[in-house]
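Have a look at the structure below, then the notes.
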Amino acid sequence: MKKFLLTIAMVAFGFAANAQKAGFNVGADVTYNFDAEVFGLMGEANYLFEVSDEFRVGPAISYQYAFGKDIETALGTISVDGSGDFTAAGAARYDISEQFIIGADLGYYFDASSFYYRPLVGYRLNENTVIQLALPSSDASNSLSLGVMFGL
């Protein structure tokens, strides 16, 4: 797994070495975890290097917090605390038109010790704002997120 992540990082930084323009982005998402049936919040940041007019790659980090919930059982109510998960990934974005973006993040959930992947589609509202729909997933869980990214 470590070799795989190192390979992703080297590819991302190799593309970055040839890039001429760069961009820092931050965002926030509302998430729903299908497996645990809980909502959560995610904050994210990436630094994308322009490989071509349509394609960008770079490192990305995020922190996802899943809210706790009460579970009804035959023996009574069990309270499950909320939990957070930090991820580090390589990110790629491709502009399929002036407004629509597709992309993916590949990396690692540190707290869950599992592989992380996040395919996404985005709609550019203006030069610095993108609404995005993503499917953050891991070896252990699958989620849906809706959020906004801001270019700084």
>> So, using ring pair (Phe, Tyr, Trp, His ring centres under 6.0 Å) as the criterion, who are the partners of Tyr123 when residues are at least two apart?
In response: Phe100
> Among the clusters formed by ILVMFWY side chains lying less than 4.5 Å apart, do Ile131 and Leu144 turn up in the same one?
Replying inline: yes
> Are Phe24 and Phe49 co-members of a hydrophobic cluster defined by side-chain heavy atoms under 4.5 Å apart?
Replying inline: yes
>> I'd like to know whether Tyr117 forms a side chain to side chain contact (heavy atoms under 4.5 Å, CB included) with Leu135, so could you lay out the CA-CA distance, the side-chain angles of the two residues, the decisive distance to 0.1 Å, and finally the verdict.
In response: CA-CA 8 Å; Tyr117 53 97; Leu135 295 166; over 6 Å; no
> What closest approach, in Å, do Leu120 and Ala134 show between heavy atoms, and which atom pair accounts for it?
Replying inline: CB-CB, 3.7 Å
>> Once salt bridge (Lys or Arg N to Asp or Glu O under 4.0 Å) is applied, what residue pairs with a partner in residues 143-152 remain, sequence neighbours excluded?
In response: none
Report all side-chain donor-acceptor pairs from residues 53-61 shorter than 3.5 Å, counting only partners two or more places apart or in another chain.
residue: Arg56; atom: NH1; partner: Asp95; partner atom: OD1; Å: 3.3
residue: Arg56; atom: NH1; partner: Asp95; partner atom: OD2; Å: 3.1
residue: Arg56; atom: NH2; partner: Asp95; partner atom: OD1; Å: 3.2

> Is it true that Tyr47 and Leu152 fall in one hydrophobic cluster, defined by side-chain heavy atoms closer than 4.5 Å?
Replying inline: yes
>> Going by ring-ring contact (aromatic ring centres under 6.0 Å, His included), name the pairs with one or both residues in residues 127-152, residues two or more places apart or in two chains.
In response: none
> Considering residues at least two apart in sequence or located in another chain, which fulfil the side-chain contact (heavy atoms from CB on, under 4.5 Å) criterion with Glu37?
Replying inline: Tyr32, Lys69
> Going by heavy atoms in the side chains, are Leu146 and Val30 under 4.5 Å from each other?
Replying inline: no
>> When you compare the side chain of Asn25 with that of Leu48, does any pair of heavy atoms fall below 4.5 Å?
In response: yes
> By side-chain hydrogen bond (donor to acceptor under 3.5 Å, both in side chains), which residues pair with Ser113, not counting sequence neighbours?
Replying inline: none
> With Arg118, which residues qualify under salt bridge (charged side-chain N to carboxylate O under 4.0 Å, His left out), at least two apart?
Replying inline: Asp29, Glu44, Asp105
>> Under the rule for side-chain hydrogen bond (donor to acceptor under 3.5 Å, both in side chains), what residues qualify as partners of Ser143, not counting sequence neighbours?
In response: none
> Which residues satisfy the side-chain contact (heavy atoms from CB on, under 4.5 Å) test with Asp35, sequence neighbours excluded?
Replying inline: Asn33, Ser141, Asn142
> Does Val130 share a hydrophobic cluster with Ile96, counting links as ILVMFWY side-chain heavy atoms below 4.5 Å and allowing steps through other members?
Replying inline: no
> Which ILVMFWY residues can you reach from Tyr116 by hopping between side chains whose heavy atoms are under 4.5 Å apart?
Replying inline: Tyr109
>> Going by ring pair (Phe, Tyr, Trp, His ring centres under 6.0 Å), name the residues that satisfy it together with Phe110, two or more places apart in sequence or in a different chain.
In response: Phe86, Tyr108
>> For a quick test of reading the model, state the closest non-hydrogen atom pair linking Arg93 to Ala91 and the distance between them.
In response: NH1-CB, 3.7 Å
>> Strictly distance-based, threshold 3.5 Å: is any side-chain N or O of Arg124 a donor or acceptor partner for the main-chain N or O of Ile101?
In response: no
